[in-house]
Amino acid sequence: MFIVRQLPVFKFDGLIAFCSEIRERYLWHTPIVAGILKDSMFHLLEKRIADAFAAHVPRPVQTEQPKQTSFGEIAVPAAFQLARTLKKPPKVIAAELAEAVGKIPGVASLEIAGNGYINVRLDRGAYAVAALKQEASAGSGTADKVIVEHTNINPNKAAHIGHLRNAVLGDTFVRMLRATGQTVEAQNYIDNTGVQVADVVVGFEHLEHKSAAQVHALIADPAVRFDYLCWDLYARTSQYYAAHPEAIEWRKDTLHKIEHGEGETATLAHTVADAIVRAHLTTMYRLNIEYDVLPRESEILHLQFWATAFEQLKERKAIYLETEGKNKGCWVMPSSAFRQGVEDEASAEDSKVIVRSNGTVTYVGKDIAYQLWKFGLLGKDFFYRLWHTYPDGHKVWASTTEAQTGAPNFGGGTRVYNVIDSRQSYLQDVVVAGLNALGYAAQAEASIHFSYEMVALSPRTCIEMGIELSDEDKKRPYVEVSGRKGLGVKADDLIDTLIAKAFDEVSSRNAEQSEASRRAVATRIAIGALRYFMLKYTRNSVIAFDFGEALAFTGETGVYVQYATIRTRKIVRKFLDSGQAMPDFASVLTAEAMARQLADETCWQCLLDASKMEAAIERAVASGEPSHVARYAFQLAQSFSGFYDKFQVVTEPDAEKRAFLLWLTTYFNQQLERTLQVLGIEVPDYM
RNA sequence: GGGCGCGUAGCUCAGGUGGAUAGAGCAUCAGCCUUCUAAGCUGAGGGUCGUAGGUUCGAGUCCUACCGCGCCUACCA
């Protein structure tokens, strides 16, 4: 069953492992086994209320959440919409509506407020009991597969912070989809035959005069950061081209040899690319990011994916051979295919070249072939070999040209998300236009450019790093830096800096712990801070990377959420340490008892906040916005921090209240841990 | 020129399907550690939501125009 593949998403290694022994002895309130979120309790109530009103209202009923908590939990603005047609004041209509609807299960009362709102107050006791009894559902996932392609770093140098945003966004989206029951395949496309790899090979061969054996030795040398070395070498090669334009011939020659698999140069290119891919996967694994499959450009070439796609494109007349103008001799796609509103003035000059006049295919062409394969429309498949087994047992496969056994089925998705920055939207449009021109309208519709804005550097950070800025750059909110010049912040450097800072903080608070333990804690804090930082911004907001902000451990950060989660665990631990027995929540906390305790407004708001986790994730998936999950996590942590400050759980004298507070703590814990799991953030043992 | 995106507090950003008094974090100021409690909590100040029109009972949100900024608009990937 596909659910097996999804299980790793929800491994509750936090409180659940910590409390496994408690679960043996006492009835744990919520069996946490399945990896799929149940339908949102809150959302179901909203629907029930809308349905109740729908019988009395001639149009779809909308519900909203009031801005002020004192107005109740759900508001129905239907009276405003009816006021015009009925020609009656909204307030009168609202009163009549509320009367007509009568009693709704789970709802305590309907109130008319303002000039016509119907505010709904929920039955707090019933709501709490539902939360208490909520069981993880087995899920109703479909067999349809969603493909998410992300990371896609050119394998010619170390990863930088821009790549981190891509990978964290992509990985979190994968987790979100899996949490809502979908089957997801995470693909990381490797362009191992492009000019970027060629340039590093040129650097090794022509600037460094190194043999393949010598490069091998560099890769094998644990004292050498090969991806960092290539970072510098790539920058040097780019500079050399600028100073010696004739050297561009080296690149052409190298590119040709790589594409045709000729001699030592091609071998060297493969060696370099593979080593860099291993470095990238290691970097990403530090951030809890894993992949299922690595489709590589070299196999797209050798298995003639493009040739097959080319035939289809020609046959369906999606592209044509240009006979005049600047694109003479090229196979091009007319701009009318991928640009709206240019039909009339569409000129051949605007057409997109798919095959160059020398017969070689452009990147977009190969991307069309790849996209066809993702949907199972190419009529061809890669062969696969095991690339790596992660410490948790998960396997990642890479494409290969030789038949091998044991690999799962890859590709053939029904929906495809390409996590690619917004600068490439033009190329993504061309790919989609290709599908459309081939007659695959449904797949074109299901090809989603999951775009995001770039990560630039704040002027302050540029200055800190010794990057020279013009006076006008200094006034900008952000500065885009060039990887070709070797500028930018390397991913591993940032992670190392974060860990070092977290380690100092952890050590100052927990000097008694072993160094290894403190380092493990610091690592989780650093990764949590980094992932949260990359997720807190909406996708189309440019991140002006600033060391000061990225290193912040207070305020709206992953650290804050981790800290709140640790506090939930700590309460349970202290409770057990105090010698008290874990209450049987289900029998102690009846609807009446819940209602008594939830008369306290703070407790009620806490319960509401925590119960909205599923709804928050559903909404984030629907809007394709991982930042919504991050924001929800922060709000939930804030809610708990208030609770933590206001109530004493362990020493609460009243038995019923104590049991209630303890239950609410465990509920908070469950929702926080699940949310962090979706964000790919682990909780340290202590902080 | 065309396409996409952005413009909300001193700074960085949120603001599902138009709705009630526009919210967070940072920074500033004033308080809170014998506690499950300071990577935290409470409070204060801080806003012509780029500008001008329009639609609507109602606009930060939708429409139009304009201003400013960014990215894209390669026989590079």
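With both pairing distances under 3.5 Å, B/G16 is matched to nothing as a Watson-Crick or G-U wobble pair. Figure legend. B/C4 is base-paired to B/G70; pairs are counted as Watson-Crick or G-U wobble with both atom distances under 3.5 Å. Within the shown strands, B/U28 is the pairing partner of B/A44 under the Watson-Crick or G-U definition, both distances less than 3.5 Å. Remark: B/G60 base-pairs with no nucleotide in the shown strands. Criterion, Watson-Crick or G-U wobble with two distances under 3.5 Å.
Backbone-only engagement by A/N154 is indicated by non-hydrogen atom pairs under 4.0 Å involving sugar-phosphate atoms exclusively. Residue A/V649 is in base contact, counting any heavy-atom pair closer than 4.0 Å across all strands shown. A/S422 comes within contact range of no nucleotide atom at all, as no heavy-atom separation falls under 4.0 Å. Within the nucleic acid shown, A/T651 comes within 4.0 Å of sugar-phosphate atoms alone, with no base atom in reach, counting heavy atoms only. Counting non-hydrogen atoms under 4.0 angstrom, A/T554 reaches the backbone sugars and phosphates but no base. Using a 4.0 Å heavy-atom criterion, one finds that A/S458 contacts no nucleic acid atom at all. Across all strands shown, A/K252 has no heavy atoms under 4.0 Å from either base or sugar-phosphate atoms. Nucleic acid contact class of A/S541 (heavy atoms, under 4.0 Å, all strands): sugar-phosphate only. Within the nucleic acid shown, A/V506 comes within 4.0 Å of at least one base atom, counting heavy atoms only. Across all strands shown, A/Y537 has heavy atoms under 4.0 Å from sugar-phosphate atoms exclusively, and none from any base. The residue A/Q62 sits close to a base: some heavy atom pair falls under 4.0 Å.
Partners of A/T538 according to the side-chain hydrogen bond (donor to acceptor under 3.5 Å, both in side chains) rule, which considers only residues two or more places apart in sequence or in another chain, do not exist here.
Minimum atom distance to the side chain of A/A75 is reached by B/A20, of the listed B/A20, B/U37, B/C13. Side-chain atoms of A/A113 lie closest to B/A20 of the nucleotides B/A20, B/U35, B/G16. Each of B/A14, B/A39, B/C71 was ranked by its minimum atom distance to the side chain of A/E480; first place goes to B/C71. Looking at the side chain of A/Y560, the nearest of the listed nucleotides B/A14, B/G40, B/A39 is B/G40. Set against B/C71, B/U37, B/A39, the side chain of A/V559 has B/A39 as its closest nucleotide. Residue A/D645 places its side chain closer to B/C41 than to any other of B/C75, B/A20, B/C41. The side chain of A/Y426 lies closest to B/U73, out of B/G16, B/U73, B/G5. With B/U37, B/A39, B/C75 as the candidates, the nucleotide lying closest to the side chain of A/M687 is B/A39. Checking B/A39, B/G15, B/C69 against the side-chain heavy atoms of A/H628 singles out B/G15 as nearest. Taking only side-chain atoms of A/Y563, from C-beta outward, the nucleotide of B/U35, B/G40, B/G25 with the closest atom is B/G40.
The side-chain tip of A/R165 does not point at the ring of A/Y452 from less than 6.0 angstrom away and within 45° of straight on. For the pair A/K501 and A/F553, the cation-pi criterion (under 6.0 Å, within 45° of the ring axis) is fulfilled.
Atom-to-atom, CD of A/Q65 to P of B/U17 comes out at 13 Å; the value is rounded to the nearest Å. A/Q635 places its CD atom 11 Å from the P atom of B/G25, with the value rounded to the nearest Å. Between the P atom of B/C13 and the CZ atom of A/F634 lies a distance of 16 Å, rounded to the nearest Å. Protein atom CZ of A/F338 is 17 Å distant from nucleotide atom P of B/C72, rounded to whole Å. In this structure, A/R567 atom CZ and B/U35 atom C1' are separated by 12 Å, rounded to whole Å. Nucleotide B/A74 holds its C1' atom 13 Å from the CD atom of A/Q424, rounded to whole Å. Straight-line distance from the CG atom of A/L551 to the P atom of B/U12: 18 Å, rounded to whole Å. In this structure, A/M176 places its CE atom 16 Å from P of B/G16, rounding to the nearest Å.
A/N166 and A/T151 make their closest contact through OD1-N, 2.7 Å (heavy atoms, listed as atom of the first residue, atom of the second, distance).
Here, B/C41 and B/G46 have their P atoms 23 Å apart, quoted to the whole Å. The same atom, P, is picked in B/G45 and in B/A30; the two are 16 Å apart, to the nearest Å. B/C13 and B/C49 have their C1' atoms separated by 14 Å, with the value rounded to a whole Å. Taking atom P on both nucleotides, B/G68 is separated from B/G60 by 25 Å, rounded to a whole Å. Annotation: B/A39 and B/A27 have their P atoms spaced 14 Å apart (nearest Å). Taking the C1' atoms as reference points, B/U21 lies 28 Å from B/C63, given to the whole Å. Here the separation of B/U55 from B/G15, taken at their C1' atoms, is 22 Å to the nearest Å. Comparing the same atom, P, in B/C11 and in B/G54 gives a spacing of 31 Å after rounding to whole Å.
Put simply, the side chain of A/N119 and the base of B/A20 share a donor and an acceptor less than 3.5 Å apart. Checked by distance alone, A/T362 brings no side-chain donor or acceptor within 3.5 Å of a matching partner on the base of B/C75. A donor-acceptor contact under 3.5 Å links the side chain of A/Q68 to the base of B/U21. Side chain A/R509 to base B/A39: a donor-acceptor pair is found below 3.5 Å.
OP1 or OP2 of B/G5 has not a single side-chain nitrogen or oxygen of A/N540 nearer than 4.0 Å. Between B/G70 and A/R476, a contact under 4.0 Å exists linking OP1 or OP2 to a side-chain N or O. OP1 and OP2 of B/G16 both lie 4.0 Å or more from every side-chain N or O belonging to A/Y632.
Applying side chain to side chain donor-acceptor pair (under 3.5 Å) to A/Y234 and the options A/Q196, A/R484, A/Q239 leaves one that passes, A/Q196. For the side chain to side chain contact (heavy atoms under 4.5 Å, CB included) test with A/R251, the passing option among A/V201, A/V195, A/T237 is A/V195; the others fail.
The aromatic rings of A/F640 and A/Y644 are tilted relative to each other, their planes meeting at an angle between 30° and 60°. Using cut-offs of 30° and 60° for the angle between ring planes, the A/Y240 and A/W250 rings count as parallel.
Regarding the sugar-base torsion, B/C33 falls in the syn class, its angle being within 90° of 0.
Ranked by how close their nearest RNA chain B nucleotide is to the 5' end, A/Y478 and A/E46 are led by A/E46. Between A/S627 and A/C330, the residue whose closest nucleotide on RNA chain B is further toward the 5' end is A/S627.
A/F71 qualifies as a stacking partner of the B/A20 base, centre to centre under 5.5 Å and near-parallel within 30°.
A salt bridge links A/E480 and A/R423; the closest N-O separation between the charged side-chain nitrogens and carboxylate oxygens is under 4.0 Å. In summary, A/R631 and A/E556 engage in a salt bridge, as defined by a charged side-chain N under 4.0 Å from a carboxylate O.
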